[in-house]
Every structure is written in C-alpha cells, then in structure tokens.
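Remarks on the structure that follows.
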Amino acid sequence: MIDDEEEEEDGTTCKKFSSLYNGMILMKRNPKASGKRCMESMGWLIAVDGEISLLHPFSGVQIELPHQNTTEDYETNRTSNPWTFIWKAVLSANPSHTSDYVLMVIEGDLRFRSFWRPGDLLWTRIRKQNFSTFFIDVVYFDGRFYAINSNGSVHAWDVTGPERPKTHTIAQLPHTYVKQYYILHSLGSLFVVVQRSGSFMLPKDNWDSEEEETYVVYAFETTDFLVFQVDLTTGKVTQTENIGDSAFFSGF
C-alpha cells in the first residue's frame with residue numbers, strides 16, 4: 001500500500017510503502033515520483049501530474065507514457081486538477097518480465113476507459129454505449145479486463161487483437177443504497193464488493209442555528225459491505241459471507 005508523501009528533516013520527500021501482510025513500513029526517496037499522484041499495479045507505480053509514466057519504485061526504471069491530453073476529447077473530459085485525471089490504472093502483465101502488456105485506465109471527468117500498449121503514441125478510447133453511467137473500478141483477470149460502472153453492470157473485454165476492443169456486459173449487481181463498487185479477483189474467481197450507505201438525521205447539537213430554523217440536516221454514512229461472487233460463464237452473481245482465509249482491502 002502507498003501512503004501520502006512525508007517530508008524529511010532535510011526537506012526531501014519520501015513515499016511511504018506499507019505491507020498489510022507483515023506490517024512492515026518502508027520509506028523510499030524517489031524524486032521521479034515526488035509531487036505526483038501515484039497508483040500501483042504489478043509492483044509498478046503509475047505516476048500522474050498531467051504527464052504520465054510507469055515507474056518502478058525500487059529499481060528507478062521509468063517508462064514515459066503519452067500525455068493525458070492525447071486521450072480523446074480531452075478538452076471536454078479534462079478534470080480541474082491534472083493529478084486527478086486518472087482514476088484507476090491496471091496493468092495486464094509486469095513490465096519487468098515482458099514487453100507484451102497493456103495499461104488500462106479509467107480517465108477524465110466522465111470516467112472513460114482508455115488503454116496504452118508499448119509503442120503507442122496516444123491513448124486508445126474504449127467506446128461506451130450508455131453515457132448516463134461512468135466506470136468506477138477495473139481489474140485484469142484470466143486474460144481479460146473487467147470493470148464495473150455506476151449502475152452496477154460488470155463489463156468484460158480483451159485487447160489482444162489490433163481492432164478496437166468490444167465490451168460485453170456479463171453481470172448486473174443490485175443497485176440499492178450503493179455508495180461504491182469495488183471489483184477484484186481472489187481464490188480464482190471474480191468478486192464485487194458493494195459498499196452501502198444510509199442517511200440519518202444529525203443530532204440538534206450539530207445543527208447551525210440558521211439550519212435549525214429552515215430544514216432538517218441529514219448526513220450519510222456507510223452501513224455495511226456486501227460481497228458477491230461473479231460466475232463468468234452464466235453471469236450469475238451470488239452473495240457470499242465466506243472468503244476463506246483471504247482478506248479484501250477496498251483502498252478507500
């Protein structure tokens with residue numbers, strides 16, 4: 001897990017790497033990642049600040065990627081802050097072991113899916129059919145990419161051929177009081193974690209005097225998490241409360 005940057009006494013910054021497995025914490029200086037938003041996939045960092053690069057945090061190897069302004073319709077899809085343009089980034093294989101890999105991202109204000117292969121000079125957009133929804137999370141599993149959108153639909157596609165990938169909807173998750181979806185693989189299966197929320201009325205002690213006279217103040221909080229296993233053959237989703245000795249970390 002990557003934590004926020006921490007400043008040393010000499011003014012330099014370090015990235016903080018934490019292991020949830022054994023509790024170890026490593027502070028690592030990496031000037032190439034300083035001041036950038038970093039995501040992790042296959043042990044590599046995807047560093048973003050307008051420019052985008054793949055960066056190995058320990059060897060220092062850096063792979064420059066096309067600028068985010070090479071994505072389609074950038075001017076209408078750009079975010080107010082260049083650091084937040086990439087929402088999620090996932091590799092299909094480890095660049096340390098092969099040059100045959102794909103980097104898939106969820107990008108922009110409308111959260112499209114785009115991908116990059118080594119040698120590409122710009123990002124390739126995967127068209128979506130429903131513009132009223134946006135993609136939330138993506139994962140690579142068993143040779144294909146899988147993503148879930150804001151409506152709870154699970155989509156699958158592969159990028160092995162030269163043609164623009166076609167997306168297939170394979171499953172539908174419940175969409176009641178959902179705050180966030182997460183998609184992941186574990187135990188040889190695909191899972192979706194649903195974070196649900198509910199509203200409650202704040203105690204009067206937390207009201208402002210003006211608010212008390214005009215309207216009731218409500219807040220939202222997480223009520224529970226539901227875990228669903230997705231059958232990739234039938235598209236059936238089954239709620240489960242048993243994931244064996246595994247643990248799922250949602251990230252945020």
Side-chain angles (χ1 to χ4, degrees), residues 1 20-21 39-43 46 87-94 97-98 100-107 110-115 117 124-198 222-252:
M1 183 178 70
L20 298 176
Y21 176 72
M39 292 155 278
E40 183 275 338
S41 182
M42 298 277 183
I46 298 89
W87 296 85
K88 184 67 181 285
V90 175
L91 286 163
S92 65
N94 192 327
H97 303 152
T98 179
D100 184 16
Y101 64 90
V102 174
L103 177 65
M104 186 69 60
V105 300
I106 297 175
E107 45 89 355
L110 298 176
R111 302 198 196 185
F112 290 102
R113 297 159 298 159
S114 293
F115 67 92
R117 293 188 183 99
T124 301
R125 170 77 51 80
I126 299 177
R127 305 293 185 187
K128 63 179 182 179
Q129 297 175 339
N130 187 350
F131 283 86
S132 65
T133 62
F134 54 87
F135 284 92
I136 294 177
D137 201 6
V138 61
V139 68
Y140 185 78
F141 172 60
D142 199 24
R144 304 176 83 186
F145 286 97
Y146 296 88
I148 188 163
N149 68 13
S150 55
N151 196 39
S153 297
V154 178
H155 298 255
W157 69 99
D158 66 64
V159 291
T160 55
E163 301 84 9
R164 189 184 292 265
K166 293 183 179 180
T167 301
H168 305 279
T169 303
I170 62 169
Q172 178 65 51
L173 274 293
H175 190 61
T176 306
Y177 304 114
V178 173
K179 181 179 180 181
Q180 181 75 12
Y181 291 106
Y182 305 92
I183 191 167
L184 63 142
H185 65 88
S186 181
L187 308 170
S189 297
L190 190 72
F191 290 88
V192 173
V193 177
V194 179
Q195 180 183 2
R196 298 199 302 178
S197 64
T222 297
T223 57
D224 57 358
F225 289 85
L226 304 178
V227 178
F228 293 88
Q229 187 171 2
V230 182
D231 188 315
L232 300 181
T233 302
T234 64
K236 181 181 179 181
V237 293
T238 305
Q239 185 176 347
T240 179
E241 297 182 357
N242 182 11
I243 57 173
D245 295 329
S246 298
F248 293 166
F249 178 63
S250 63
F252 60 90

Check your understanding: Going by distance alone, is a donor N or O of one side chain under 3.5 Å from an acceptor N or O of the other, for Thr167 and Arg113?
Key -> yes

Exercise for review: For Arg144, enumerate each residue passing the salt bridge (Lys or Arg N to Asp or Glu O under 4.0 Å) test, keeping only those at least two apart in sequence or located in another chain.
Suggested key: none

Practice item. Name all residues meeting the ring pair (Phe, Tyr, Trp, His ring centres under 6.0 Å) criterion together with Phe191; count only those two or more places apart in sequence or in a different chain, and write none if there are none. Key: Phe248

Revision key, fill the gap. Sorted by chain and number, sequence neighbours left out, side chain to side chain contact (heavy atoms under 4.5 Å, CB included) with Thr124 holds for Phe115, Arg164

Check your understanding: Between Ala89 and Ser41, what is the shortest heavy-atom contact and its length?
Key -> O-CB, 3.9 Å

**Study point:** Beyond-backbone contact of Arg117 with Val159, side-chain heavy atoms, under 4.5 angstrom
**Key:** yes

Review point. Who are the side chain to side chain donor-acceptor pair (under 3.5 Å) partners of Tyr181, not counting sequence neighbours?
Key: His175

Point to revise | Nearest-0.5 Å distance, CD1 of residue Ile106 to CD1 of residue Ile136 | key: 8.0 Å

Exercise for review: Would you confirm whether Ser150, through its side chain, and Phe134, through its main-chain N or O, come within 3.5 Å as a donor-acceptor pair?
Suggested key: yes

Exercise for review: Look up atom OG1 in Thr133 and atom NE2 in His155, then write down how far apart they are to the nearest 0.5 Å.
Suggested key: 6.0 Å

Check your understanding: Taking only residues two or more places apart in sequence or in another chain, which ones pass side chain to side chain donor-acceptor pair (under 3.5 Å) with Ser153?
Key -> Gln172

Revision key, fill the gap. d(Ile46 CD1, Met39 CE) to nearest 0.5 Å is 6.5 Å

Point to revise | Spacing of Phe141 atom CZ and Leu184 atom CG [to the nearest 0.5 Å] | key: 10.0 Å

Review point. Which residues satisfy the side chain to side chain contact (heavy atoms under 4.5 Å, CB included) test with Thr233, sequence neighbours excluded?
Key: Asp231

Check your understanding: From Arg111 CZ over to Lys88 NZ, what is the distance, rounded to the nearest 0.5 angstrom?
Key -> 12.0 Å

**Study point:** Atom pair CZ (Phe135) and CE (Met104), whose distance is rounded to the nearest 0.5 Å
**Key:** 10.5 Å

Review point. If you count the non-hydrogen atoms of other residues, nucleotides and ligands that lie under 6.0 Å from CG in Asp100, is the total more than 12?
Key: no

Practice item. Please step through side chain to side chain contact (heavy atoms under 4.5 Å, CB included) for the pair Ile170 and Tyr146, ending with a clear verdict. Key: CA-CA 9 Å; Ile170 62 169; Tyr146 296 88; 3.6 Å; yes

Study note, to complete from the structure: With sequence neighbours left out, the residues meeting ring pair (Phe, Tyr, Trp, His ring centres under 6.0 Å) with His168 are none

Review point. Between Val154 and Leu173, is any pair of side-chain heavy atoms under 4.5 Å apart?
Key: yes

**Study point:** ring pair (Phe, Tyr, Trp, His ring centres under 6.0 Å) partners for Phe112, two or more places apart
**Key:** none

Point to revise | 4.5 Å side-chain heavy-atom contact, Val139 and Leu190 | key: yes

Residues 236-244 side chain polar contacts: donor-acceptor under 3.5 Å, at least two apart:
residue, atom, partner, partner atom, Å
Thr240, OG1, Asn242, N, 3.2
Thr240, OG1, Asn242, O, 3.2
Asn242, OD1, Gly244, N, 2.9

Point to revise | Under the side chain to side chain contact (heavy atoms under 4.5 Å, CB included) test, residues paired with Ser92 that sit two or more places apart | key: Tyr101, Val102, Tyr140, Phe145

Review point. Can you list the residues that meet the ring pair (Phe, Tyr, Trp, His ring centres under 6.0 Å) rule with Phe228, with sequence neighbours excluded?
Key: none

Exercise for review: Could you list the residues that satisfy side chain to side chain donor-acceptor pair (under 3.5 Å) with Asp142, not counting sequence neighbours?
Suggested key: none

